[in-house]
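Data block below; observations after.
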Amino acid sequence: QVQLVESGGGLVQAGGSLRLSCAASGRTFSRYAMGWFRQAPGKEREFVAGISWSGGNRNYADSVKGRFTISRDNAKNTVYLQLNSLKPEDTAVYYCAADGLQYGTPTPKFVADFGSWGQGTQVTVSS
């Protein structure tokens, strides 16, 4: 199990940017693929972006492709999500998650694939 703590959320105008961070505990962080999800009020949690344990593979939801970038620094036990060109529809609580398996699927994207979750950070985009 990996403990995860997100930070970096906030209120931003449409077109603006934010960088979310997710700090992980433990010495095995580099063995886990990581993902970012989001959940808006009244909606299901949805996949945003994923990155493999080495950082060599990444995937994105179509709705954020070209605007968001996921990255990781295994030396710092941290995964990031850079959010650019934000839109009001990006408003949600953003969660980071660690794959349920060490060295599992390179870029998992389903909620059931992930075994550890952070508490979430709110991102609000005003129009």
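The model shown is predicted, which means the values in this text are computed figures rather than measured ones.
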Can you see which heavy atom on Ala24 is nearest to which on Val2, and at what distance?
CB-CG1, 3.6 Å

Of all heavy-atom pairs linking Ser127 and Ala14, the shortest is CA-CB, 4.4 Å

Report the C-alpha separation of Phe114 and Phe37 in whole Å, then their side-chain angles, then the decisive distance to 0.1 Å, and conclude whether the ring pair (Phe, Tyr, Trp, His ring centres under 6.0 Å) test is met.
CA-CA 11 Å; Phe114 292 85; Phe37 287 74; 5.1 Å; yes

If we only count heavy atoms from C-beta on, is the Leu81 to Thr69 side-chain gap below 4.5 Å?
no

Please determine if Arg72 forms a cation-pi arrangement with Trp53, meaning its NZ or CZ atom is less than 6.0 Å from the six-membered ring centre and no more than 45° off the ring axis.
no

For the pair Thr78 (side chain) and Lys76 (backbone), establish whether a donor and an acceptor sit closer than 3.5 Å, ignoring hydrogens and angles.
yes

Kindly work out whether a path of hydrophobic side-chain contacts (I/L/V/M/F/W/Y, heavy atoms less than 4.5 Å apart) joins Ile51 to Phe47.
no

4.5 Å side-chain heavy-atom contact, Phe68 and Asn84:
no

Determine whether Leu86 and Leu18 make a side-chain contact, defined as any pair of heavy atoms from C-beta on separated by less than 4.5 Å.
yes

Quick one: are Gln119 and Val5 in side-chain contact, heavy atoms under 4.5 Å?
yes

If you define the side chain from C-beta out and look only at heavy atoms, does anything of Asn74 sit under 4.5 Å from Phe29?
yes

When rounded to the nearest 0.5 angstrom, what is the spacing between OG in Ser52 and CE in Met34?
12.0 Å

Val93-Val123 co-clustered via ILVMFWY side chain contacts under 4.5 Å
no

For Thr105 and Ala33, which heavy atoms make the closest approach, and how far apart are they?
O-CB, 3.8 Å

Which heavy atom of Ala92 sits nearest a heavy atom of Gln39, and at what distance?
CB-O, 3.5 Å

With a 3.5 Å distance limit and no angle check, can you tell me whether Arg31 reaches the backbone of Tyr103 through a side-chain donor-acceptor pair?
no

Distance under 6.0 Å and angle within 45° of the ring axis: does Arg38 meet both against Tyr95?
no

Separation between CG of Leu83 and OG of Ser17, rounded to the nearest 0.5 Å
8.0 Å

With heavy-atom distances below 4.5 Å as the criterion, would you say the side chains of Leu11 and Gln122 are in contact?
no

Correct closest heavy-atom pair for Val48 and Val64 would be O-CG2, 3.5 Å

Mark yes or no for whether Thr91, through its side chain, and Thr124, through its backbone, hold a donor-acceptor pair below 3.5 Å.
no

Using modelled atom types and a 3.5 Å cut-off, is there a donor and acceptor pairing between side-chain atoms of Glu6 and backbone atoms of Gly120?
yes

Are any of the side-chain nitrogens in Lys87 or Asp90 under 4.0 Å away from the carboxylate oxygens of its partner?
no

Which atom pair, heavy atoms only, marks the closest approach of Ile70 to Tyr60?
N-OH, 3.0 Å

Approximate separation, where rounding is to 0.5 Å, of Lys65 NZ and Asn59 CG
8.0 Å

Using the side chain to side chain contact (heavy atoms under 4.5 Å, CB included) rule, take Tyr32 and Ser116 through it: C-alpha gap first, then chi angles, then the decisive distance, then the call.
CA-CA 10 Å; Tyr32 293 93; Ser116 301; over 6 Å; no

Nearest-0.5 Å distance that lies between atom CD in Gln13 and atom OG in Ser126:
5.0 Å

Between Arg45 and Val111, is there a donor-acceptor pair closer than 3.5 Å when you use the side chain of the first and the backbone of the second?
no

Rounded to the nearest 0.5 Å, how far does SG of Cys96 lie from CG of Leu20?
9.5 Å

